[in-house]
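Because the structure is a prediction, the values reported are computed rather than measured. Per chain, numbering begins at 1; letters A, B, ... match sequence-line order. Excluded from the calculations below are hydrogen atoms, water molecules and symmetry mates; all remaining heavy atoms, backbone and side chain alike, are included.
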Number of protein chains: 2
Amino acid sequence: MTNDVPWLNAEEDRSWRAFVRLHQKLFRRLGADLETHSGLSGADFQILVALTDVPEGRLRFQDLAGAIDWERSRLSHQVSRMIKRGLVAREECAEDGRGAFVVITPQGREAIEAAAPRHLVVVRRLVIDALDPEDLAALGRISSRVLERIDAEPR
Amino acid sequence: MTNDVPWLNAEEDRSWRAFVRLHQKLFRRLGADLETHSGLSGADFQILVALTDVPEGRLRFQDLAGAIDWERSRLSHQVSRMIKRGLVAREECAEDGRGAFVVITPQGREAIEAAAPRHLVVVRRLVIDALDPEDLAALGRISSRVLERIDAEPR
DNA sequence: TAGCTGTAGTTGATACATCAACTATCTATG
DNA sequence: CATAGATAGTTGATGTATCAACTACAGCTA
């Protein structure tokens, strides 16, 4: 190993700090807006989107977890809270006695359908329309590249 | 469903989803790595960095909150936890009886000095060195532009 | 100087994230 | 078929984030 501490140079540091700050503020804002106007948290929203993405509105815990890249425990806790509020329901799994399905309820559908349009308006206003198409494409490319690196490291 | 909902087109959607995923995975990973190798959370790290950024290692709550863009309440809770672990201390403020300072302790300095180099290695490996300089610059530019939009909206 | 208004920071409640330990069921292998 | 090991999901503990309500002090104005 080298003795060098790999400090960032001025330009790298500027970019990195701006990005960190963006990370913090943007998703805080999006979550707060969602909560305020639709009573859904960012977590609720993610789950409901994943469920409406499949025809039945119904996924095994493991598949749902895979779709949104969450830990099992996190999903289990979150789903419990959402069941209490009637947004989703739990269904036993006939083929595998250990397994279970999460199903979106009519009330959950209503909630996501009410929340999504406004959420998209905000995403557009703050991000999509703030960037010219090349920058948006660059953001996608950059994100994918970093994600590859992350996934390449076992952890 | 109305037609005037501003859905994202395929390309926008790809970019946006990649970015959201990056947001979730990158900072989860950075936080976990920090926690594992230095016993500091991302929150601890941010506070300690802000404190070492000033000569005295000492800031009023309000200035610290401003520097890292946190709510007062969040900072208050976080500092309480850090005091318990000896990373920072609270000092009364002579000029303003309502105010207080947060000061980094020798133990806090030790912790941040131990944590920072490794943290930077990971940031470099996952992000800085994963991107060519133009993309990194683009990321900084993009971040700043979106941040401007966020700050322009009162909330 | 009494009272009003604003500011600094705290506190308690609730939701969320993460970890480790746990239960129940499945599957493979003898 | 017995059982060991793997897999699906749950649970409790702890730390973190956010909101609203609160205390205490500051500074202004009458």
Query - Donor + acceptor pair across side chains of A:Gln78, A:Arg81 (<3.5 Å) - result: yes

Calculate the interatomic distance between [X] atom [atom1] and [N] atom [atom2]; express it in whole Å.
X	N	atom1	atom2	result
A:Glu35	C:dT14	CD	C1'	11 Å
B:Ile47	D:dT16	CD1	P	10 Å
A:Phe61	D:dT11	CZ	C1'	13 Å
A:Phe27	D:dT18	CZ	P	14 Å
A:Arg28	C:dC16	CZ	P	17 Å
B:Arg85	D:dT14	CZ	C1'	12 Å
B:Glu91	C:dA8	CD	P	19 Å
B:Leu40	D:dT14	CG	P	20 Å

Main-chain N/O of [Y] paired with [X] side-chain donor or acceptor, under 3.5 Å:
X	Y	answer
A:Ser76	A:Arg72	no
A:Asp44	A:Ser41	yes
B:Gln107	B:Arg85	yes

Report summary line: residues 116-129 of chain B vs salt bridge (Lys or Arg N to Asp or Glu O under 4.0 Å), sequence neighbours excluded, gives A:Glu12-B:Arg124, A:Glu153-B:Arg125, B:Asp33-B:Arg118, B:Arg124-B:Asp129

Report summary line: Between A:Arg98 and A:Ser80, whichever has its closest DNA chain D nucleotide further toward 5' is A:Arg98

Query raised in the report: So what does A:Arg81 touch, heavy atoms closer than 4.0 Å: a base, only the sugar-phosphate, or nothing?
Result: base

Query raised in the report: Which part of the nucleic acid does A:Arg60 contact within heavy-atom distance under 4.0 Å: base, sugar-phosphate only, or nothing?
Result: sugar-phosphate

Requested in this report: Specify the closest pair of heavy atoms between B:Arg145 and A:Ala130, including all atoms of both residues, with the distance to one decimal.
Outcome: CD-O, 3.3 Å

Query raised in the report: Between A:Asp96 and B:Phe101, which has a closest nucleotide on DNA chain C that is more 5'?
Result: B:Phe101

Query raised in the report: Heavy-atom contacts under 4.0 Å between residues 62-78 of chain B and DNA chain C, which residues?
Result: B:Gln62, B:Arg72, B:Ser73, B:Ser76, B:His77

Report task. Name all pairs fulfilling the ring-ring contact (aromatic ring centres under 6.0 Å, His included) condition that reach into residues 39-74 of chain B, sequence neighbours left out, sorted by first residue then second. Result -> B:Phe45-B:His119

